[in-house]
2 protein chains.
Amino acid sequence: MRNLKYAILGLVNREPMTGYDIKKAFDSRGLTNFWHAEHSQIYPEMKKLVAEGLVEYETVIRGEKLETKLYRITPAGKKDFHDWLRDDVEIERTYKDVFRLRTFFNESLSQEEYLKLLRSQLMQHRQKRDMLRFYLETDFSTLPRFKTKQMGDYLVLDGAVRRETTYVEWLEHCIDVFENGTPGEPVDLIE
Amino acid sequence: MRNLKYAILGLVNREPMTGYDIKKAFDSRGLTNFWHAEHSQIYPEMKKLVAEGLVEYETVIRGEKLETKLYRITPAGKKDFHDWLRDDVEIERTYKDVFRLRTFFNESLSQEEYLKLLRSQLMQHRQKRDMLRFYLETDFSTLPRFKTKQMGDYLVLDGAVRRETTYVEWLEHCIDVFENGTPGEPVDLIE
DNA sequence: GGCAACTATGTAAATATTTACATGATTGCT
DNA sequence: AGCAATCATGTAAATATTTACATAGTTGCC
């Protein structure tokens, strides 16, 4: 799949970066919502990309003697990245989610135990949703222009807000079902 | 993490199953939306679970001589699974999504090229949403009872419908932005 | 009886990801 | 000057996942 490869190429295509910068990008507000990698995966991948001729680097000294590698995409890298980006692909059959897996098996818990989990998840997802909304409102009070990286940042952040909002609504629905039964549908609350 | 372990334990906890049955469960309408594994991952994991004393099996002959292994959860397996299920956990920081990654980098495509990708994704996600909605309506016209596996099936299917519905809305928003700019926000359409 | 689709189980190899081990420089603060 | 937080880069080992290789029986249909 080489998704990490293209995530990195895309970043380095935006501007020259060190491995550390790439790691920070994967930890950042925007990107971390839909992609992530540890530095132990990044540094070996950088070596691979250099070997493949898709990026090159110059060693830059920071301060007195700290050597850092500033990676830059090559024309071959640009082409490879662009081909990947333009490729029309099938949607993913599975978006893995451990909490949904737990929910699938909730029958093995008492209602109270499962409600406790639901409420904890709800609290966390609400917090995340609010945080993402705040980012969206502060950073993108006006719509960014096309052909800028801000446009990509905006669209995925907007998507993250929608995703979290819906996750919260789903959790609220689960809690509602377990607390009250669904409106209009009388539910047998006794086992 | 051992998520596969617990996914399998959860399934075998519902009822005794063969490795093939487990594979089919991971391919099924409900589960495949939020978890999946290939048989090459399942069979070795079954061996491991047997070695750990969490499941046991009896060999069942199907037809004349086809040997199948029917796995059954042990009391130790039930305990391990139940402990995992009850555990309160942090929400995932990243829900990986390759199309969102592409969107993050859309600046490197022309508007037409990216719109083509958006429309293709939209078509596929609409189709999936409609399919999931159909399953939900046909299988769960009335709310299932608590403490049944149907309740888990219902909740995750409902969650999948919500997730796809929101994905469709997000794609429509992206298309809207690229075709018309956001309502009320005049957008510079010339690069 | 032949054939296709499906049932059934495994291993091997490659790739992807996480967690732990390991080291050292820089910056800003007190 | 000392300290903490951050910058910076790497490897090792374990775990997770995908793709390919490999084999064989069963069921239903024509």
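In what follows, every chain begins at residue 1, and chains take the letters A, B, ... in the order their sequences are listed.
Between the P atom of D/dG10 and the CD atom of A/Glu38 lies a distance of 17 Å, rounded to the nearest Å. Rounding to whole angstrom units, CG of residue A/Leu4 and P of D/dT18 are separated by 16 Å. Computed from coordinates, the A/Lys24 NZ to D/dA8 C1' distance equals 10 Å when rounded to whole Å. One can place CD of B/Glu45 at 16 Å from C1' of C/dT9, the figure rounded to the nearest angstrom. B/Glu64 has its CD atom 18 Å from the P atom of D/dA24, to the nearest Å. Atom P of nucleotide D/dA16 and atom NE2 of B/His36 are separated by 17 Å, given to the nearest angstrom. Between the NZ atom of B/Lys48 and the C1' atom of D/dA16 there is a distance of 9 Å, given to the nearest Å. Regarding B/Met46, its CE atom lies at a distance of 10 Å from the P atom of C/dG10, rounded to whole Å.
Taking the side chain of A/Trp35 as heavy atoms from C-beta on, and the options D/dA16, C/dT17, C/dT26, the nearest nucleotide is C/dT17. The side chain of A/Thr18 has D/dT9 as its nearest neighbour among C/dT9, D/dA16, D/dT9. Among the nucleotides C/dG10, C/dA8, D/dT9, the one closest to any side-chain atom of A/His39 is D/dT9. Which of C/dT19, D/dA16, C/dA16 sits closest to the side chain of A/Arg2 comes down to C/dA16. Taking every side-chain heavy atom of A/Lys96 into account, D/dT17 is the closest of D/dT17, D/dA8, C/dT7. In this structure, of D/dC7, C/dG10, C/dA16, it is C/dG10 that holds the atom nearest to the side chain of B/Lys69.
In the interface, the side chain of B/Thr68 is not paired with the base of C/dT9 through any donor and acceptor atom under 3.5 Å apart. Counting atom types as modelled, B/Ser40 pairs no side-chain N or O with a base atom of D/dT17 as donor and acceptor under 3.5 Å.
Counting only distance, with no hydrogens or angles, the side chain of B/Arg72 and the backbone of B/Glu58 share no donor-acceptor pair below 3.5 Å. Between the B/Lys116 side chain and the A/Arg86 main chain, no donor and acceptor come within less than 3.5 Å of each other.
The residue among B/Pro44 and A/Ile61 whose nearest nucleotide of DNA chain C is located toward the 5' end is B/Pro44. The 5' end of DNA chain C is approached more closely, in terms of each residue's nearest nucleotide, by B/Asp21 than by the other of B/Asp21 and A/Met1. Of the two residues contacting DNA chain D, namely A/Leu70 and B/Arg62, the nearest-nucleotide position lying further toward the 5' end is that of A/Leu70.
Note that the CZ atom of B/Phe105 and the OG1 atom of B/Thr103 stand 11.0 Å from one another [nearest 0.5 Å].
OP1 or OP2 of D/dT11 has at least one side-chain nitrogen or oxygen of A/Lys47 nearer than 4.0 Å. Dashed line: the shortest gap from a side-chain N or O of B/Tyr20 to OP1 or OP2 of C/dT7 is under 4.0 Å. In this structure, A/Gln41 does not reach the C/dA16 phosphate: none of its side-chain N or O atoms is under 4.0 Å from OP1 or OP2.
By the 30° and 60° cut-offs, the orientation of the rings of A/Phe99 relative to A/Tyr114 is parallel.
Among the protein residues, A/Lys5 comes within range of no part of the nucleic acid, since none of its heavy atoms lies under 4.0 Å from any strand.
Under the 4.0 Å criterion applied to side-chain N and carboxylate O atoms, B/Arg126 and B/Glu172 are assigned as salt-bridge partners.
Counting heavy atoms from C-beta outward, B/Tyr135 and B/Val161 have side chains that stay 4.5 Å or more apart.
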